[in-house]
Amino acid sequence: MRRAATLGVALALPLTLAAPSSALAQPHHHAGVSPKAEQVAREVLAPNDGWAAYDGGTTGGAAADPEHVYVVTTYAELREALAGGRTNDTPKIVFLKGRIDANTDEHGNQLTCDDYADPEYDFDAYLATYDPEVWGWDQKPSGPLEEARERSYRNQRDQVVIEVGSNTTLIGLGDDATLVGAQVMVDSVDNVIIRNIIFETAQDCFPQWDPTDGPEGNWNSEFDGVSVRRSTHVWIDHNEFSDGAVLDRDLPEYFGREFQVHDGLLDITHGADLVTVSYNVLRDHDKTMLIGSTDSPTYDVGKLRVTLHHNRWENVLQRAPRVRYGQVHVYNNHYVIPATPEGEKTYEYSWGVGVESALYAENNYFDIDPSVDFSQVVAHWKGTQMYEKGSYANGRSRHHQVSFLDEYNAVHSPTIENKQTWSPPLHGRIDPTQSVPAKVQKAGVGHIL
């Protein structure tokens, strides 16, 4: 029996993935950790550094005692250090060292899609059963094979999703600390810091076919690199996010649609609030960052206050970010939008203006290939307004000031109003836009340690 989707690899995922304030506790030396690394691990978010500094600030595990400072080199050790998940609110610092693969068991043995597959799951049978020419286009898959796919997904989820408790700092040592194939879940907690880690996102072995998703249907996968849900005071800084060596564009098509095995790189949803995302690199991905779970006001009204600054978004096709409801300050980011190679999925947009969103885009710099029209940068997702100022583009002419919103409105209807409805209360220096590419050279791992 062919149990799992053929991904072309055996889920042994190869990769590549602000000025802080004083510490709350004194460093204590641990084997393999320099005094400088211990000091950096106890740094807290600066008082004015975006929304995560609001209402008490973000200190992560800075108050950890020596018994709750860990150095982990395997996934089993990482799970042990974070034992208890969201219920473990003891202040703690977890250093990640080297390459850590979530698709390994407690003995370090490699796990593949076949290890997660339910005995009743057969991918070839799944394709034959839910072929839209057989199943139809008006209903999602159901029945025994879909139930077996769901059980298989849950098996993988139980292995690769790892929960982080309150009062935690996760930090990579050096410039090569890599977490492969995991989803770091920050759910229903407070006060978390994640820094200096390369994330190669999990590949979903069991994507679901949904013929009702869009006019042509879509394959939908689970698992983000980092998912922030129902949590407050989260600082995500100097990390790198990508799909690594296995890109969706390199996988086969089924039913004429790309077989996607990745979801988001970094999603902030389900009423999360007070989040700062700074000096990260997000690259080579499709659905990159979703802020807001649903058009329904169930979770998110009055929340989703997020700051994104000095991040580098390179060759990402959409959601950089896509926003619903939240007050989101996007400033001093560098966007690199190259030409699309023939036959590959093309760039869609960067800023998605969703339901009741209040996106405030300030002094962002775009390197855009001439084949990409400026009107594509903004996309309408039922939102009515955003605020943009200080945008520059390079590619058609050097240091060219532009309003991407005006470019969008010139060719689309309905238009989106350029309207300021709020002022960001907390932020560091807003750099001149022309200086942003140079400033953002310090994004990613290896710059704080």
Side-chain angles (χ1 to χ4, degrees), residues 214-216 218 240-243 247-250 257-258 260 262 264-266 280-291 308-323 328 330-354 357 359-381 383 386-416 418 433-441 443:
E216 300 177 74
N218 273 304
E240 298 184 14
F241 297 85
S242 79
D243 294 340
L247 304 179
D248 288 339
R249 69 187 184 212
D250 297 330
R257 303 296 290 164
E258 183 177 79
Q260 287 195 326
H262 299 97
L265 291 182
L266 169 56
N280 300 280
V281 176
L282 306 99
R283 63 163 67 94
D284 298 330
H285 189 81
D286 187 356
K287 301 171 183 176
T288 307
M289 180 182 292
L290 184 64
I291 300 178
L308 309 174
H309 73 85
H310 294 92
N311 302 289
R312 180 178 173 91
W313 312 73
E314 184 172 357
N315 192 28
V316 298
L317 302 187
Q318 58 178 311
R319 301 184 183 179
R322 175 178 171 179
V323 182
V328 179
V330 180
Y331 76 88
N332 285 161
N333 295 278
H334 184 199
Y335 294 82
V336 180
I337 304 171
T340 302
E342 186 176 354
E344 293 185 5
K345 191 173 181 180
T346 60
Y347 169 78
E348 294 188 32
Y349 68 91
S350 295
W351 298 332
V353 182
S357 60
L359 181 65
Y360 191 115
E362 183 174 14
N363 288 27
N364 296 286
Y365 195 100
F366 286 72
D367 278 310
I368 304 181
D369 186 84
S371 64
V372 179
D373 195 273
F374 286 2
S375 65
Q376 290 181 249
V377 168
V378 175
H380 177 255
W381 292 99
M386 64 170 285
Y387 183 61
E388 179 199 14
K389 67 176 182 179
S391 298
Y392 274 68
N394 178 14
R396 298 185 177 182
S397 59
R398 187 161 183 81
H399 299 324
H400 174 69
Q401 190 165 11
V402 63
S403 169
F404 293 109
L405 185 54
D406 285 351
E407 296 282 341
Y408 171 88
N409 285 334
V411 295
H412 290 91
S413 180
T415 59
I416 299 170
N418 193 354
T433 313
Q434 298 95 317
S435 71
V436 166
K439 297 283 186 182
V440 176
Q441 289 297 315

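Start at 1 with the first residue, then count along the sequence.
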Original post:
Would you find a donor on one side and an acceptor on the other, under 3.5 Å apart, between the side chain of Asn333 and the backbone of Leu308?
Top reply: yes

**OP:** Go through the steps for Thr433 and Tyr365 under the test side chain to side chain contact (heavy atoms under 4.5 Å, CB included), then give the verdict.
**Re:** CA-CA 6 Å; Thr433 313; Tyr365 195 100; 4.1 Å; yes

Original post:
So, Asp286 side chain and Gln318 main chain: donor-acceptor pair closer than 3.5 Å or not?
Top reply: no

Subject >> Contact summary for Pro338 and Val372, nearest pair of heavy atoms >> reply: O-CG2, 4.2 Å

Subject >> Nearest heavy-atom neighbours spanning Asp284 and Asn315 >> reply: OD1-ND2, 2.9 Å

Original post:
Is there a donor-acceptor pair under 3.5 Å between the side chain of Asn418 and the backbone N or O of Asp406?
Top reply: no

Original post:
Which atom names give the shortest non-hydrogen contact between Val353 and Val378, and what distance separates them?
Top reply: CG2-CG1, 4.0 Å

Original post:
Looking at Ser375 and His412, what are the two nearest heavy atoms and their distance?
Top reply: O-CE1, 4.0 Å

**OP:** Can you label the angle between the Tyr349 ring and the Trp381 ring as parallel, tilted or perpendicular, going by 30° and 60°?
**Re:** tilted

Subject >> Ile291 side, atom CD1; Arg319 side, atom CZ - distance, nearest 0.5 Å >> reply: 11.5 Å

Original post:
Taking side chain as C-beta onward, heavy atoms only, is Val377 less than 4.5 Å from Ile368?
Top reply: yes

**OP:** Could you pull out the closest heavy-atom pair between Leu405 and Met386, with the gap in Å?
**Re:** CD2-CG, 3.7 Å

Original post:
Hey, is the main chain of Ala320 close enough, under 3.5 Å, to the side chain of Tyr335 for a donor-acceptor pair?
Top reply: yes

Original post:
Sub-3.5 Å donor-acceptor pair from the side chain of Thr346 to the main-chain atoms of Thr340, do we have one?
Top reply: no

Original post:
Is a side-chain N or O of Asn218 found less than 3.5 angstrom from the main chain of Arg257, in a donor-acceptor match?
Top reply: no

Subject >> Candidate pair Val440 and His310, rule side chain to side chain contact (heavy atoms under 4.5 Å, CB included), full reasoning >> reply: CA-CA 5 Å; Val440 176; His310 294 92; 4.3 Å; yes

Original post:
When you measure from the side chain of Glu388 to the backbone N and O of Phe404, does any donor-acceptor pair fall under 3.5 Å?
Top reply: yes

Original post:
Quick one: does Glu407's side chain have a donor or acceptor within less than 3.5 Å of a partner on Phe374's backbone?
Top reply: no

**OP:** Might you work through the side chain to side chain contact (heavy atoms under 4.5 Å, CB included) test for Ile416 and His380, ending with a clear yes or no?
**Re:** CA-CA 8 Å; Ile416 299 170; His380 177 255; 4.0 Å; yes

**OP:** Check step by step if side chain to side chain contact (heavy atoms under 4.5 Å, CB included) holds for Ile337 and Asp369.
**Re:** CA-CA 6 Å; Ile337 304 171; Asp369 186 84; over 6 Å; no

Original post:
Do Asp367 and Asn394 have side-chain atoms, one donor and one acceptor, less than 3.5 Å apart?
Top reply: yes

Original post:
Is there a ring-ring contact (aromatic ring centres under 6.0 Å, His included) between Trp351 and Phe366 once you walk through the steps?
Top reply: CA-CA 12 Å; Trp351 298 332; Phe366 286 72; 5.4 Å; yes

Original post:
Does any donor atom in the side chain of His285 or Asp243 lie under 3.5 Å from an acceptor atom in the other side chain?
Top reply: yes

